[in-house]
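Here's the structure we're looking at; comments come further down.
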Protein chains: 2
Amino acid sequence: MNISKTKRVSLVDQVISQMEALIESGEWPVGDRIAPELELMEQFDVSRNTLREAIRSLVHAGLLQTKQGSGTFVCSASVLGVALHRRIQQSNLLETLEVRHALEREAAQLAATRRSKEDIKQLQIHLSTCQEAAKSKNHQAYAEADIQLHKAIAVATHNHLLIDLYDHMTEALHESVHHLVENNSCLEIHLQIHHQLVQAIISQDSQQAMEAVNSYMTQLKTDTGKLS
Amino acid sequence: MNISKTKRVSLVDQVISQMEALIESGEWPVGDRIAPELELMEQFDVSRNTLREAIRSLVHAGLLQTKQGSGTFVCSASVLGVALHRRIQQSNLLETLEVRHALEREAAQLAATRRSKEDIKQLQIHLSTCQEAAKSKNHQAYAEADIQLHKAIAVATHNHLLIDLYDHMTEALHESVHHLVENNSCLEIHLQIHHQLVQAIISQDSQQAMEAVNSYMTQLKTDTGKLS
DNA sequence: GGTTATTTGTTCGTATGTATC
DNA sequence: AGATACATACGAACAAATAAC
């Protein structure tokens with residue numbers, strides 16, 4: 001048997017890992033206040049300084065938020081989400097759309113080959129929500145339904161890494177996409193392309209699905225160009 | 001004029017910001033040891049615990065690394081890289097390859113439209129390095145050159161977000177890809193596809209570039225299937 | 001509105017484990 | 001082996017912001 005060196009994990013790192021697990025598992029729900037330092041000291045059996053170093057790290061990572069006199073609150077469940085969000089805000093919209101295009105195209109293709117009956121059901125539900133929003137010319141509601149539809153496509157790939165990345169990406173793009181969709185005067189064309197996309201996924205035509213994504217993203221990119 | 005509430009930035013956050021700036025500006029070069037805690041306490045004029053909370057945050061973010069008894073060193077990994085690395089290790093290889101496929105395909109297309117003369121030069125250099133490694137049947141060297149070639153393709157897109165994501169992704173996949181390429185008995189086919197890919201990018205044929213990526217990734221995925 | 005209790009922010013002191021010379 | 005430099009960890013205390021009564 002191989003003999004490996006024993007790892008000495010610092011107390012701070014142990015506390016950090018446990019806290020991350022508690023947050024990601026939802027045991028410490030987003031928005032909730034966590035126990036005060038004195039209690040956590042007992043729970044983890046560490047000194048205040050050690051505990052504070054752990055908390056500080058998670059604050060800097062974007063998972064926690066501290067308010068003097070009030071407490072410490074959970075503000076995000078995913079390290080990746082926060083990191084992606086920060087990185088995306090540093091780059092311009094076109095760069096981000098190109099990356100999104102890559103994910104979107106892959107998602108459409110995979111969804112077309114792997115979609116289950118349940119996936120199809122979800123796609124149709126969200127598509128009809130889009131249609132209703134378009135009919136009533138409610139741009140706000142349309143933007144929201146559009147995001148949900150795209151998330152459903154990602155889910156239909158059954159690739160959890162892709163789903164995660166796509167989710168965090170759309171979240172980071174949330175405001176920009178809203179802005180774009182809301183300023184898009186012609187929802188009908190937009191909707192029609194999405195109708196084609198969903199149909200292609202249902203009939204397992206990955207080539208058609210990819211083309212629909214391409215035309216959809218091309219429109220988004222030109223819209224972006226107009227604004228800037 | 002708008003009157004905004006005054007922000008009370010905690011000492012720890014101030015220290016963190018300054019340290020990040022020092023590292024990014026290169027004033028604290030990567031690999032160097034930073035001053036010991038006692039000196040830093042004087043420089044920033046904060047107590048030991050405050051300083052340690054700041055250092056701990058940057059350690060967790062991947063910018064610093066501490067070695068007890070030795071000192072604290074700059075190791076400049078980005079937050080995104082660490083987060084992606086962790087997330088990728090949680091998912092299986094096929095999932096990761098599919099996401100990589102998405103990025104790779106987009107990169108090839110964009111590189112074909114945007115590559116500069118300097119980009120072409122770099123591509124040819126790395127391609128010839130691959131060829132030499134293939135001739136001498138040095139699988140280890142081939143895997144390394146292969147990674148460099150793909151990075152060069154990403155650079156040719158001039159999309160910094162895509163470059164970043166791709167870099168972090170290949171880094172997280174480093175061992176797996178090495179393993180795959182080294183076990184690939186037939187380097188010639190692999191090399192030939194890459195030759196086509198580079199040629200397509202140089203002649204600005206994005207369709208051809210995309211197809212080359214597709215056949216390359218298909219081979220990778222089937223190789224993965226054989227192993228598992 | 002003011003007082004008090006709670007909670008985080010910051011500092012100092014001390015002891016210990018570890019690496020380097 | 002010893003000495004020095006450094007990070008790790010604990011404990012106690014006070015300041016500042018907030019919440020509750």
| field | DNA chain C contacts among residues 55-67 of chain A, heavy-atom distance under 4.0 Å | value | A:R56, A:T66, A:K67
| query | Hey, do the aromatic rings of A:H126 and A:H150 have their centres closer than 6.0 Å? | reply | no
| query | Tell me: CG of B:L11 to P of D:dA15, nearest whole Å? | reply | 16 Å
| Between A:I34 and B:S70, which has a closest nucleotide on DNA chain C that is more 5'? | A:I34
| said: Can you work out whether B:G69 or A:E37 has the more 5'-proximal nearest nucleotide on DNA chain C? | reply: A:E37
| task | Look at A:R48 and C:dT8 and indicate whether a side-chain polar atom (N or O) is within less than 4.0 Å of OP1 or OP2. | result | no
| Is any side-chain nitrogen or oxygen of B:T72 closer than 4.0 Å to OP1 or OP2 of D:dA7? | yes
| field | Which nucleotide in C:dT10, C:dG9, D:dA9 has an atom nearest any side-chain atom of A:S47 | value | D:dA9
| note | Testing D:dA17, C:dT10, D:dA9 for proximity to the side chain of A:Q68, the answer is D:dA17
| remark: Rounded to whole Å, CD of B:Q14 lies from P of C:dG9 at a distance of 14 Å
| query | Quick one: do B:K221 and B:E98 make a salt bridge, cutoff under 4.0 Å? | reply | no
| remark: Rounded to the nearest 0.5 Å, the CD1 atom of B:I163 sits from the OG1 atom of B:T157 at a distance of 4.5 Å
| query | Within the distance-only criterion (no hydrogens, no angle test), does the side chain of B:T170 pair as donor or acceptor with the backbone N or O of B:Y166 below 3.5 angstrom? | reply | yes
| D:dC10 P sits how many Å from A:E42 CD, rounded? | 14 Å
| Minimum heavy-atom distance between B:A61 and B:V82, given as atom pair plus value | O-CG2, 4.0 Å
| Given C:dA19, C:dT10, D:dC6, which nucleotide is nearest the side-chain atoms of B:P36? | D:dC6
| request: May I ask you to evaluate whether A:R52 reaches the phosphate of C:dG9, defined as a side-chain N or O under 4.0 Å from OP1 or OP2? | output: yes
| message | What is the separation between atom CD on A:E53 and atom P on C:dT11, rounded to the nearest whole Å? | response | 14 Å
| query | Reckon A:T50 has a side-chain N or O less than 4.0 Å from the OP1 or OP2 of D:dC10? | reply | yes
| query | Below 4.5 Å, heavy atoms only, C-beta onward: do A:H158 and B:E95 meet side chain to side chain? | reply | no
| task | Whole angstrom is fine here: how far is it from CG in A:D13 over to P in D:dA7? | result | 16 Å
| request: For A:L38 and D:dC10, give me the distance from atom CG to atom P, rounded to whole Å. | output: 15 Å
| What's the CE-C1' distance between A:M41 and C:dT8, to the nearest Å? | 13 Å
| query | Ignoring hydrogens and angles, are the base of C:dG9 and the side chain of B:N49 linked by a donor-acceptor pair under 3.5 Å? | reply | no
| Spacing of CG belonging to B:N49 relative to OG1 belonging to A:T50, to within rounding of 0.5 Å | 9.0 Å
